[in-house]
Amino acid sequence: MTSTTPAQSSGKTPAQQPGRWLALAVLALAVLLVAVDATVLGLATPFLSEDLQPTGTQLLWIGDVYSFVIAGLLVSMGSLGDRVGRKRLLLSGAVAFGAVSVLNAYATSPEMMIAARALLGVAGATLMPSTLALIRNIFHDPQERSLAIGIWGAMASAGAAVGPVVGGFLLENFWWGSVFLINLPVMAVLVLVGVKLLPESRDPSPGPWDLPSVALSITGIIAVVYAVKEGATNGLSATTALIAAVGVGALVWFVRRQLTLDSPLLNMRLFHHRGFSAAVLADLLTVLGLSGMVFFLSQFLQLVQERSPLEAGLAELPAAIGAVTAGLLAGQAARRFSVRSVVAGGLAAIGVALAGIVWLSAGTPYPVLGALLLVVGVGAGLSFTVTADVILSGVPKEQAGAASAVSETAYELGAALGIALLGTIVTGVYRGFAVPAGVPAEQAAEAHESLGGAVEAAGALPADSGAALLASAQDAFVDGLRIASGVGAVVLLATACAAWFLLRGQRLEEGYGG
């Protein structure tokens, strides 16, 4: 049976639907929480290192497996929401998200934490496509929809930057598990209010949910991302190459299968349009730059500049302020100027901010860091919001879930790759630091695993030896951060140039389909 919104059943135009802005507030709450969870662990890393004692590789997995799993499942969940109902999927996912958060909070080993974060990613994957798809079905007026997507995009972009602030406050007053338990009251509000306010919507003629396509998309994305991460961290091996080949093969098979199905899981013909493909690429790299910068600056502020968790979180607040402000103005700016100028400008801003970190040192004053974070937030707010509008605005509303999944797969994949790829460079440089003479082998090995491990190892040594070890480790971490930022800057600036040409002629009012 085809669901209708209250507006549709009452004969009103969708733009007149009562309660639509309150419904948007519920959806914004959901996307904010999922985005916060992607970075909230940044400040908790030293506490996790001390309590669970993960290896450097395990620590990276704890940080990014959540986003990897979400990325792998988003296409499937977006298509599922089109079929079973986006409201139903959203509220079911919210309940699961709250329950699994408890498991994360009380993890007792690195392996348990990685598994719990993966399960949280499964639950998160049910939330993200539903939020944007419901916006597409609630707001049909292009101007209103752009503003709604701007608010949604502001929450998604700001969430990555708000995570450290929330985490800092909680870590100042509670133990590290509290960064997960905060999800429970938020999800309770989401479910209770969402039941009343959110309209149900689904594709009236969705066709069957193709399970082989589901399996291929999950296998392909997760295998490729894993191979990239492992190859960059530990070097290319026969096993890594095999996993990469399996992933690429699965994705090629997935694409070929979608082109032959009457009701594909993802309409691959969307990518034939230059503007759509460019928007997806810009989406991914915007979030890659934002999440990678926020994640590693969290550690820099705490472990190099020795700020408290709350101070470090507040120090990153300019990124959130920039993202929210720019996100709300992005649609208006794109109409007044052009889509390509706003998206390319946003990408270039992130690239410039990353380039600024190349000159970072342990003594860099906060106003410089704050300015760089503000610039990266503004760039992310502009680029991410407009690309989401481009991706969503031209598809029929029945396919909103699948289109939303494309946008958010790029978002989550960008978040994961930002931590994995930039983190791989940071870790690779860091592990090569010279241990001062006189440091025992056990402490030296612990220090080489992570900067958090170096802090702990230094605390167990005599004052002089500990200070020398920590200084050497901090210098190596900063060197790695500078090199990774330089690489990120080159990638973002090159993407800005590409977006300028690929988004030529793109307009929000018309969408990609004209």
Side-chain angles (χ1 to χ4, degrees), residues 39-50 56 59 63 160-173 176 179 289-322 353-377 418-419 422-423 425-427 429-431 433 436 447-459 461 463 466-486 488-489:
T39 58
V40 73
L41 270 188
L43 291 174
T45 297
F47 300 89
L48 278 171
S49 298
E50 181 179 351
L59 199 58
V162 168
V165 180
V166 174
F169 173 77
L170 293 172
L171 292 168
E172 285 280 301
N173 298 282
W176 60 263
V179 302
L290 175 68
S291 64
M293 184 172 178
V294 168
F295 183 81
F296 292 105
L297 279 184
S298 294
Q299 296 181 58
F300 171 82
L301 290 165
Q302 279 188 99
L303 301 177
V304 177
Q305 294 199 334
E306 299 180 351
R307 299 175 188 268
S308 70
L310 181 57
E311 286 176 337
L314 291 173
E316 291 189 299
L317 199 55
I321 294 171
L354 287 169
I357 296 180
V358 171
W359 286 273
L360 191 72
S361 69
T364 298
Y366 176 71
V368 175
L369 286 175
L372 292 174
L373 285 162
L374 180 63
V375 171
V376 82
I419 295 173
L422 298 182
I425 297 172
V426 174
T427 302
V429 174
Y430 172 80
R431 286 180 173 171
F433 80 86
H448 274 132
E449 282 297 329
S450 68
L451 185 54
V455 171
E456 189 173 347
L461 294 172
L469 175 65
L470 185 57
S472 183
Q474 288 174 335
D475 288 344
F477 181 85
V478 172
D479 287 344
L481 182 57
R482 291 165 61 182
I483 293 171
S485 297

Heavy atoms, side chains only, cut-off 4.5 Å: are [X] and [Y] in contact?
X: Glu306; Y: Gln474; value: yes
X: Thr364; Y: Ser361; value: yes
X: Val368; Y: Trp359; value: no

Atom of [X], atom of [Y] and distance for their closest heavy-atom approach:
X: Ile357; Y: Arg482; value: O-CG, 3.5 Å
X: Gly480; Y: Ile425; value: O-CG2, 4.2 Å
X: Val376; Y: Ala319; value: CG1-CB, 4.4 Å
X: Pro318; Y: Gly370; value: CB-O, 3.6 Å
X: Leu373; Y: Ala315; value: CD1-O, 3.4 Å
X: Ala484; Y: Val426; value: CB-CG2, 3.8 Å

Practice task
Output yes when a side-chain donor or acceptor of Ser485 lies under 3.5 Å from a complementary backbone atom of Leu481, and no otherwise.
Solution key: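 Between the backbone of Leu481 and the side chain of Ser485 there is a qualifying donor-acceptor contact (under 3.5 Å).
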Handout entry: Side-chain donor or acceptor of Gln305 paired with backbone N/O of Ala362 under 3.5 Å
Key =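 Flag set: sc Gln305 to bb Ala362 pair under 3.5 Å.
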Exercise for the section: Just do the side chain to side chain contact (heavy atoms under 4.5 Å, CB included) check on Tyr366 and Glu311 with the steps written out, would you? Expected result: CA-CA 11 Å; Tyr366 176 71; Glu311 286 176 337; over 6 Å; no
Problem - Interatomic spacing from CG in Leu369 to CG in Leu374 - rounded to 0.5 Å - result: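 Going from the CG atom of Leu369 to the CG atom of Leu374 covers 12.5 Å.
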Practice task
Identify, with sequence neighbours excluded, every residue that meets ring pair (Phe, Tyr, Trp, His ring centres under 6.0 Å) alongside Tyr430.
Solution key: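 Applying ring pair (Phe, Tyr, Trp, His ring centres under 6.0 Å) to Tyr430 gives Phe433.
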